[in-house]
Every structure is written in structure tokens, then in C-alpha cells.
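Only one structure is covered here, and it is reproduced in the block below.
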There are 2 protein chains.
Amino acid sequence: MTEKTALGVSSQDLPACPVETTLKLIGNKWEVLVLRDLMPGTKRFGELKQSIGGVSQKVLTAKLREMEASGLVERHVYAEVPPRVEYSLTPLGRSLKPVLDSLEQWGTAYKKKVAATVR
Amino acid sequence: MTEKTALGVSSQDLPACPVETTLKLIGNKWEVLVLRDLMPGTKRFGELKQSIGGVSQKVLTAKLREMEASGLVERHVYAEVPPRVEYSLTPLGRSLKPVLDSLEQWGTAYKKKVAATVR
DNA sequence: CCGTATCCTGTTCGATACTG
DNA sequence: CAGTATCGAACAGGATACGG
């Protein structure tokens, strides 16, 4: 128990292939977008829902819970009225920045290429 | 219709966010694994099916067709008996190597971390 | 060997309504 | 505001059988 990463995760549960291991944690569209939108910093639930766009409350809640269990996301509840709940990335979550960056870089280059092909 | 990358892809069809654009093309587990296994070079359909593991023929065929339509994969049919069909990455497909690498790197580091936590 | 067609299952997800 | 509960639609994906 060195630090607070993922709770009951054992090596046996993880695929042999590192790529598949990563996909197991962020292989879902919504998870990647949560990561993207929390990378700059803390956000409230409502902000997150809006910035992601097109996600239902139910699904967003479920994904945030999963990512919390994986040790990627931290949830902070403030005992106020009306209630305020803030989400942020853990160090482990922030360590995925290179992955996000590569996705963004490729997407940018691809969009440029498509735009150039059309005209 | 300038060249042979992606056929009817227009800028309007793509999400504003580059990350989402990338996800639109390889946001699926199987697509990423096809990419991983074709990155070293050409493979036959059967080889691919086996090396990916756990994918059904139907789904693999469908994903390969989609990726061909996106301009990521090339399909080469040899008129032999029994038939031989080989798949390989296009330059555009190979350009995704940095993305694959970042996924692999993170997965490797994560597995190491988990292993260290257990003992 | 590679691919298609059909059927059928489980899962994912959105919509809506309701609670602290 | 930030959930939870429930329902039903849509889709992904496996199994099987058949065709070129």
C-alpha cells in the first residue's frame, strides 16, 4: 500500500498486453472525454456534463464512479445547500496526459489533412 | 476526390474536438487491437483473428471494412485456392503509431505500479 | 480460407420521474 | 445540484450455418 491508486486491482486481472491494459481503464469514449475535461483542473458535476456534451446524467455518474474505483478520479463532496460535488484527476489520472496529447495531436493533423483534401 | 485516403469524409462530419475526431476512427477496442497487430506488417485474416484473440469473425470483418473505408487499412485479395486475403496499414494507419505507443507505455508503467503495490 | 447471413443475447445508453 | 430508479430502445457482439 504505497499510495492511493487502485484498490483491489491485482496483476492477474490485467491483460498481458499493455495496450489492452490501458484500454481496460479508458477504453470508453466517455472516459476519455472525462479525462480531457478534467485535465485542466477541477470541475463540478454539472460543468462536466455540459462540457462533455451529449452524455446523460446516468452514464456520466456511472463512468465517474468507475474511474474513481480505478483510482483515476477523485470525488469531493461539499456539505452545502444546494450540494456541490467536485471532480478532479488523481496523480494517476494526470499521468494519462501523454495519451490524451497523442490523441489530440493525431486528430488535429487528420482534420488538417481532410480540410486540405476537400478544397 | 483527390486521392485515396478517406472517401466521402468531409470536415463537417468531424467533431470540433480533435480528441473526439480520433475516437471516431479508433474509439473501439477492436480497432485499436487491429492497429496494434498490423503495425509490424502485413497479416492474413486468420492470423489477425488469432493474434487479436477473442474476436468473432463477423466483428473482425466488420471492423476491417470500416477501417478500410476510413483509409486506415488496405485489403489485398489474392485469387488463389484456397483464397488468401492480406491486410496492412496505409500510411495514414501507420501514422497512428505514436498513439499506440503512448497506450503501450502507459499500460506498461501501470502494470509495473500494480505489481509493486501487491507485494 | 474468407466472408456473409441470420438469429439471438447482453449491454449500453437516453428519457423521465423522483429524492436529499 | 447531484444524484438514484426504472423503463425501453438501440446497438454491439457471439454462435451457427452456409456460400464462393
Side-chain angles (χ1 to χ4, degrees), chain A residues 13 15 17 19-20 23-38 41-70 72-89 93, chain B residues 13 15 17 19-20 22-38 41-70 72-89:
Chain A
D13 304 333
C17 168
V19 174
E20 288 183 64
L23 290 179
K24 194 151 183 156
L25 275 94
I26 56 160
N28 178 282
K29 174 186 176 182
W30 301 126
E31 290 161 349
V32 176
L33 296 184
V34 165
L35 230 46
R36 177 198 64 183
D37 288 353
L38 287 185
T42 299
K43 270 202 172 71
R44 298 183 56 162
F45 181 86
E47 295 178 274
L48 208 44
K49 176 163 169 14
Q50 195 163 17
S51 67
I52 289 179
V55 68
S56 68
Q57 196 172 30
K58 174 184 147 189
V59 170
L60 180 56
T61 302
K63 292 305 167 190
L64 285 169
R65 291 287 190 280
E66 288 174 31
M67 295 175 75
E68 195 189 355
S70 309
L72 298 177
V73 161
E74 256 178 359
R75 180 169 177 266
H76 203 307
V77 184
Y78 296 88
E80 302 175 354
V81 178
R84 185 168 106 247
V85 182
E86 294 191 339
Y87 291 90
S88 56
L89 295 184
Chain B
D13 304 333
C17 168
V19 174
E20 288 183 64
T22 307
L23 289 180
K24 195 152 182 156
L25 275 95
I26 54 160
N28 179 283
K29 172 185 177 181
W30 301 126
E31 289 160 350
V32 176
L33 296 184
V34 165
L35 230 47
R36 178 197 64 184
D37 288 354
L38 286 185
T42 300
K43 270 201 171 72
R44 298 184 56 163
F45 181 87
E47 295 180 275
L48 208 44
K49 178 162 168 16
Q50 197 163 17
S51 68
I52 289 180
V55 68
S56 68
Q57 195 173 32
K58 172 186 148 187
V59 170
L60 181 55
T61 303
K63 292 305 166 190
L64 286 169
R65 290 287 189 279
E66 287 174 33
M67 295 175 75
E68 195 188 357
S70 309
L72 297 177
V73 161
E74 257 177 359
R75 179 169 179 265
H76 203 305
V77 184
Y78 296 88
E80 304 175 355
V81 178
R84 184 167 106 247
V85 182
E86 293 190 339
Y87 291 91
S88 57
L89 295 184

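Residue numbers begin at 1 in each chain, while the letters A, B, ... track the order of the sequences. All values below come from the heavy atoms of this structure, side chains included, with hydrogens, waters and symmetry mates left out.
The distance between atom CZ of R65(A) and atom C1' of dG3(D), rounded to the nearest whole Å, is 7 Å. Atom CG of L60(A) is separated from atom C1' of dG14(C) by 13 Å (rounded to the nearest Å). If you take NE2 of H76(B) and P of dC2(C), they are 15 Å apart, rounded to a whole angstrom.
Taking each heavy atom of S88(B) and T42(B) in turn, the nearest pair found is CB-OG1, 3.5 Å. Taking each heavy atom of N28(B) and K63(B) in turn, the nearest pair found is ND2-NZ, 3.7 Å.
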Which pairs, protein N/O on one side and nucleotides 9-16 of chain D N/O on the other, fall under 3.5 Å?
| unit_1 | atom_1 | unit_2 | atom_2 | d |
| --- | --- | --- | --- | --- |
| dG13(D) | N7 | K58(B) | NZ | 3.2 |
| dG13(D) | O6 | K58(B) | NZ | 3.3 |
| dG14(D) | OP1 | G54(B) | O | 3.2 |
| dG14(D) | OP2 | S56(B) | N | 3.4 |
| dG14(D) | OP2 | S56(B) | OG | 3.0 |
| dG14(D) | O6 | K58(B) | NZ | 2.2 |

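Atom CD of E66(A) sits about 10.5 Å away from atom CG of L72(A), to the nearest 0.5 Å. The distance from the NZ atom of K43(B) to the CG atom of L38(B) is 6.5 Å, given to the nearest 0.5 Å. Interatomic distance, CZ of R65(B) versus CG of L60(B), reported as 9.5 Å (0.5 Å rounding). Distance NZ/K24(A) to NZ/K29(B): 8.0 Å, rounded to 0.5 Å.
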Decide yes or no on side chain to side chain contact (heavy atoms under 4.5 Å, CB included) for E31(B) and L25(B), but give the supporting numbers first.
-> CA-CA 8 Å; E31(B) 289 160 350; L25(B) 275 95; over 6 Å; no

E86(B) and R84(B): side chain to side chain contact (heavy atoms under 4.5 Å, CB included), yes or no, with the steps?
-> CA-CA 7 Å; E86(B) 293 190 339; R84(B) 184 167 106 247; 3.4 Å; yes

Decide yes or no on side chain to side chain contact (heavy atoms under 4.5 Å, CB included) for I26(A) and V34(A), but give the supporting numbers first.
-> CA-CA 10 Å; I26(A) 56 160; V34(A) 165; over 6 Å; no

Compile the donor-acceptor pairs under 3.5 Å between side chains in residues 49-56 of chain B and protein atoms, sequence neighbours left out, one pair per line.
| unit_1 | atom_1 | unit_2 | atom_2 | d |
| --- | --- | --- | --- | --- |
| K49(B) | NZ | V55(B) | O | 3.1 |
| S51(B) | OG | D37(B) | OD2 | 2.9 |
| S51(B) | OG | E47(B) | O | 3.3 |
| S51(B) | OG | L48(B) | O | 3.2 |
| S56(B) | OG | V59(B) | N | 3.3 |

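Taking a 4.0 Å limit (strictly below) on heavy-atom distances, residues 41-52 of chain B reaches DNA chain C at R44(B), F45(B), G46(B). Contact check of residues 79-87 of chain A against DNA chain D (heavy atom, cut-off under 4.0 Å) returns P82(A), P83(A), V85(A), Y87(A).
Partners of P83(A) under the side-chain contact (heavy atoms from CB on, under 4.5 Å) rule, at least two apart in sequence or in another chain, do not exist in this structure.
One axis for each end of the helix from dC1(C)-dG20(D) to dG20(C)-dC1(D), each built from five base pairs, and the angle between them comes to 40° at 10° resolution.
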